[in-house]
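Numbers restart at 1 for each chain; the letters A, B, ... are given by sequence-line order, proteins then strands.
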Amino acid sequence: MAEVKKNEEPRIGVFVCHCGTNIAGSIDVAAVKDYAKTLPNVAIADDYQYMCSTPGQNKIAEAIAEHNLTGVVVAACSPRLHEPTFRNATKAGGLNPFRFEMANIREQNSWVHMHQPEEATAKAKDAVRIAVAKASLLEDLIPKSVPVEKAAMVVGGGVGGMQAALDLASAGIKTYLVEKNPTIGGRMSQLDKTFPTLDCSQCILTPKMVDVYRHEGIELLTYTEVEAVEGYIGNFDVTLRKKARGVITPAEAEARGIVGGGCTGCGDCVDVCPVIKPNPFELGMAPRKAIYIYHPQVSPLIYTVDFDACVKCGLCVEACGDKKAIDLDMEDEFMTVKVGTAIIATGYDIFPIEKKFEWGYKNYDNVITSLEFERLICASGPTGGHLVRPSDGETPKKVAFVLCAGSRDNTGVGKPYCSRFCCMYSLKHAHQIIEKIPGAVPYIFYMDIRSFGKMYEEFYYRIQNEGAKFIRGRVANILEDPVTKNLHVNAEDTLLGRPLDIEVDMVVLAAAVEPSAETEKTRRLFGVSCSQDGWLLEAHPKLNPCGTTTAGVYLAGVCQGPKDIPDTVAQAEGAASAASIPIHRGEVELEPYFAQCIEEKCAGCGLCVNLCPYGALALVEKDGRTVMQVTEAKCKGCGTCGGFCPGGAIWMQHFATPQIVAQIDAFLLGGEQ
Amino acid sequence: MSGNKRQYAFFLGCIAPNRYPGIEASAIKTSEKVGIELLPLKGASCCPAPGAFGAIDLNIWYAMAARNIVLAEQMGMDITLICNGCYKSIYEVNEKLKHNDDLRDGANEVLAEIDMEFKGTIDVWHLAELYYDPKIVGVDKIAESVTRPLTGAKIAVHYGCHLMKPRKERHFGDTENPMWIEELVAALGAEPVQYRNKMLCCGAGGGVRGYDLTHAIDITNEKMINLQEAGADALTEVCPFCQLQYDRGQVEIKEKFGIEWGLPVLHYNELLGLAQGMSPDELALDLHAIDVEPFLKKIL
């Protein structure tokens, strides 16, 4: 790497990209290039069709050698797209890659000013002038390498989290699987059958749950929540809260010196417990005791005490006897684990569809959600798989399914996005009532049927042929007959162009999904962004769908956006693969954008130490003075300290004050007159 | 402001002054008692009716509504009004022209012929929303103004389509089950009652009444079924056009379907007038098609 000395005369090369017509269609590229030649410190200016192509990159390397450049500016697309490309080209030419500066004249210019060529060209000139000003002051920076802890964490024990944990652990990485509920399995455990194959959801899930439980490489932490996250890729310190479960495992019993003790899942405690509560796993449609398991296939098979409901009568302790598995004085415990990478798989909740008042959910007895339908049609559900009307226990014959219930809703009440799996499970529901209830007629009110996956369209045809009625039109409102509790579904058949009033026995709302309640908290702890509607933001929607903008943190499943089981599992495997790469490499390179203390200017006031959101700064004694010191691996280069320091003693590498001032000066003072 | 009263340019509309003068009288008199002074918007025309005019030429609808708005701009006052149809025209056109330069230019081109220009300097309010807004009047102040509470009366509320929808062009929040007019009714000492399909149209709007009377009163009849089911003593609304449909419509229902409902229909301002002690004569309640007497007996 060529050493470039400070205070040397800057010699900048400027390269303006046409990007086909993406840029050249509205910006006069030749004019921008000619303008660049007139700017101070510019040694050469050139333009090219596609700067990111190999010939384009070669232009940069050749110009560095030919003109002895000290810095490179490319005016092209967003640095998020091609900054790494051009840094490599800069490096190939023999310059330190951080001598490169990018001017975005596509996303922030030509694309938005498509019909204003003159203004767009002027703006591109401004952008180039600003970039040249910064490039003239850039320094050599050396990235830092840090070792990576050979362990990973998966937050969320649904099918996505389970798959990610299995893959990581099977690749030889110690994996902590953290689940807030007493069992793994997630939403998939609540489903009856899965489309389009109609295999039983719990039947295909249970083997995976057992695999997770038995896997040597997985430390399964159920009834546990993430409390705090510190550190950075390679070295996350995650504090976990193990919620008081009131019941100990055989292993924990052994540690307490209770021979042959601990919970065996026998259930003797349940029989004697006097407290009855609605079971949230059954969406409140069945009772449970204050000591409970969700369902027979839970993993781990350990009972849990609901301390909000428990009256501490002690009958369960008595019933448990010598196993001494129940400890009603148990308190939350905290533990900290170190992991190199983490995967978030926190899943989804059902949108509170009662907000769509016109459909009467929670107001009319026989309007239910599709998740409630799943439990009612499921053999292990509260009715043993007999679909009944909540109002009178009768079997419904005419059932309306309202699709896009709260999805694709631009009224401001529901969600603007497509929840993606509702069409398919509603087709499955229609099939199930035709199959189970003789003479049953499903009415499917839809906007569009989105049967996008493998064998999905075929499934749609199958349900059509089975006799389901499809009505293309949104349901305007639902009214209950106060006597029969039947429901009048008012909609417009938009294919026939006529209003409809269909009387049915039951309405199933295919309610929209939204990020689970824990998603917001979890994403804040891990420093992951989210989109406007709360779904976690992937690093790139197409080319990096599992990564996030926080290095070392990855996404799996619905927390990133609505998706069905196959897509969730696929993304989980992708996330596991991505999360294993830094661990297997053993070290990661950090971008050298950290703060540096200019010790001769530092007064040791310590104001910056408290401001730092990442705990990267500390005061130390040095040569008899108190000065600030940066832990470079922790610093994210946010600039909070640098902007605040009253003495100007903090140098933000690559975003230093003189560099930024030069950019502002170039913008305000340097324009064409 | 004169004294401590807020002044508004009062846009009367057509139906209230022509068919139900009690609404006009009560709007002016009841507002005075809660700190609002209504000044006549001199030279005002029809709003113009959104269905009739808008369906034929939108720009003429904009321009005619804008002319009424400009009259208030010249007074330097916000407009308030008492009819949902007027609200749709005047409020919606005001918002549209304020935020869309193309529409504004189109309307101003027409207005230029009479030396007028829409400037977008005022706001438009339904009088009922001023009553509900705690920064202007508020439910408490309405309740304080009551001297003859309507105790024992069960009153159902019809909001009206043009007041509440389209949701995106309004600011009332929940448009599927709003409850704010019920709060205003409760402030009079009456008991607001809920009924099936509250947000269904009165039957008149959208030109339905003019196009197909039978269909229109069929919708009204369905409302009547639901209102009777809920045990309402009276129906209140904030729109003379809805009032016309419910009041005269019951006569038409009797003629065409042979069903007699006899449900008194009163504009909220008429109810407020009664609660503030105005006499039935002052409110011209004898001009209602459906006899209000049984309701009055219940409350007076």
Please tabulate, one pair per line, the N or O donor-acceptor pairs under 3.5 Å between chain B and chain A.
{"residue": "B:Arg167", "atom": "NE", "partner": "A:Thr411", "partner atom": "O", "Å": "2.7"}
{"residue": "B:Lys168", "atom": "NZ", "partner": "A:Asn410", "partner atom": "O", "Å": "3.4"}
{"residue": "B:Arg196", "atom": "NH1", "partner": "A:Glu480", "partner atom": "O", "Å": "2.2"}
{"residue": "B:Asn197", "atom": "OD1", "partner": "A:Asn477", "partner atom": "ND2", "Å": "2.9"}

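B:Trp180 is linked by a side chain to side chain donor-acceptor pair (under 3.5 Å) to nothing, counting only residues two or more places apart in sequence or in another chain.
Remark: B:Lys254 NZ is loosely packed, at most 12 non-hydrogen atoms of other residues, nucleotides or ligands lying under 6.0 Å away.
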